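Here the structure comes first, spelled out in structure tokens, and everything after it is commentary.
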Amino acid sequence: MSESVFIGVDVGATKILVGAVRQTGNIISSRRFKMEHETRAITLHSIHNALEVFMQAWDGPAPRAIGIGLVGQIDPETGTWLEAMNLPIKSPVPLAGQVRDRFGIPVALDNDVHAATMAELHWGIGTESKDFLYLNIGTGVSAGLVFGGQLLRGSKNYAGELGHMVVQSDGELCPCGRRGCLEPIVSGGGMLARVKKELPNHPDSILHSFGKTLTTHQIFKAADAGDPLAGKISNDAIDSLGTALVNLVNLLNPEWIVYGGGTLSDGWLIDHVRENVETGPLTMIRKSLKGIIPSRLNPEQVGLLGAACLALDIGGIK
Ligand SMILES: [Zn+2]
């Protein structure tokens with residue numbers, strides 16, 4: 001029997017990555033396209049065109065299915081892209097049906113976080129554990145919850161909105177309308193926004209010297225060097241993330257927490273919450289937590305691998 005090949009399409013707000021992936025998680029070839037998104041029609045054309053160009057050039061075995069990982073809200077049952085905050089998709093698009101009609105093979109859709117979690121399940125920590133949390137902190141905060149080897153979706157596919165867990169009753173105002181959500185305190189975007197707001201009150205902070213190039217890695221380094229503003233921003237992030245993770249571990253009893261995302265990539269924030277998360281939960285629960293570890297999947301590829309996983313599930317291979 002010839003090898004099975006699946007097409008993954010990782011759709012972000014600025015780029016589209018299309019690739020052909022083996023059942024083993026090996027990427028045979030991939031190509032990056034620019035996401036043009038001035039209007040709804042242009043956005044959809046960008047996706048269809050990227051797939052068309054890739055498939056025209058593909059000369060390997062016939063793909064079994066196509067998986068598409070998207071930003072925004074998805075109904076995976078009907079293959080509908082419901083809406084996206086960062087793209088001009090404000091009403092539902094029956095994307096899976098459109099792509100299936102064009103290429104004549106099964107098509108699956110889901111959001112990018114679920115897709116990345118599926119990649120962990122198939123080719124990452126899921127090869128040795130059925131019960132884990134996937135935590136991603138970059139511009140925002142997201143989490144995928146896997147229990148009994150299944151992604152926890154909730155009733156309408158929205159489970160895992162960790163960024164809006166309330167961790168401070170009088171905290172920062174979140175775009176969702178509540179105060180004290182996790183995301184504005186621990187995400188890269190949230191920390192940078194807090195620094196920008198607070199800098200005028202800290203004329204001596206070394207964070208002034210970075211200007212627009214400031215990153216969370218520099219905030220953490222400045223905190224280590226004793227900068228009071230960087231210390232406050234970092235300590236709030238440590239306290240809030242620790243609280244959220246202890247709550248999650250107590251609630252869900254995972255075996256592993258696996259993490260990715262730009263804000264966690266230097267390990268600083270995780271190293272500072274590790275002790276709290278490993279000692280904070282109830283005794284019997286913390287004893288079954290084996291560790292908090294970085295994802296072994298390449299961060300540049302996890303979106304594409306995740307999209308291919310969606311295809312793997314719908315293409316008859318688990
Ligand atoms: Zn919120």
Side-chain angles (χ1 to χ4, degrees), residues 12-14 69-76 81-91 110-117 133-146 151-199 214-216 219-220 229 232-252 254 257-265 269-270 272-273 276-277 280-281 292 303:
T14 57
L70 300 148
V71 289
Q73 316 295 344
I74 316 294
D75 180 351
W81 192 9
L82 299 173
E83 78 178 302
M85 211 165 15
N86 301 327
L87 289 170
I89 302 297
K90 304 303 169 202
S91 60
D110 210 330
N111 70 51
D112 51 352
V113 181
H114 284 175
T117 309
L133 307 179
Y134 170 67
L135 172 69
N136 188 298
I137 305 184
T139 313
V141 173
S142 52
L145 317 173
V146 172
L151 175 67
L152 207 73
R153 293 181 178 279
S155 67
K156 294 284 181 199
N157 203 39
Y158 299 140
E161 286 291 351
L162 178 64
H164 301 281
M165 178 186 278
V166 175
V167 289
Q168 289 183 347
S169 57
D170 58 350
E172 298 285 316
L173 187 64
C174 179
C176 79
R178 289 199 63 136
R179 282 196 177 276
C181 288
L182 184 65
E183 188 161 273
I185 306 170
V186 311
S187 67
M191 277 191 265
L192 294 176
R194 293 190 70 200
V195 168
K196 193 176 169 195
K197 195 170 134 195
E198 289 289 328
L199 265 178
L214 182 67
T215 64
T216 51
I219 298 174
F220 300 149
L229 174 58
K232 177 174 173 19
I233 301 290
S234 304
N235 283 335
D236 284 352
I238 292 166
D239 289 347
S240 299
L241 183 59
T243 299
L245 291 180
V246 169
N247 284 339
L248 264 188
V249 168
N250 270 333
L251 184 69
L252 296 164
I257 297 174
V258 59
Y259 64 86
T263 303
L264 301 181
S265 62
L269 194 50
I270 290 292
H272 283 76
V273 300
N276 188 3
V277 180
I292 310 171

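Just so we're clear, the structure is a prediction, and the values are computed from it rather than from any experiment. Note: hydrogens, waters and symmetry copies are ignored here, and every other heavy atom, side chains too, is used. When a ligand or atom number is given, it counts from 1 through the structure's own listing order. Position 1 is the first residue of the sequence, and the numbers go up from there.
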Is a donor on one side and an acceptor on the other found under 3.5 Å between the side chain of K90 and the backbone of L87?
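Here the side-chain-to-backbone pair exists.
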Do [X] and [Y] come within less than 4.5 Å of each other through their side chains, counting heavy atoms only?
X: N157; Y: Q73; answer: no
X: T263; Y: S187; answer: no
X: L214; Y: L192; answer: yes
X: E183; Y: C176; answer: no

Once salt bridge (Lys or Arg N to Asp or Glu O under 4.0 Å) is applied, do any residues pair with R178, and if so which ones, sequence neighbours excluded?
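For R178, no residue satisfies salt bridge (Lys or Arg N to Asp or Glu O under 4.0 Å) once neighbours in sequence are set aside.
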Just the protein N/O/S atoms under 2.8 Å from the Zn ion (ligand 1), please, no waters.
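Protein N, O or S atoms closer than 2.8 Å to the Zn ion (ligand 1): H164 ND1, C174 SG, C176 SG, C181 SG.
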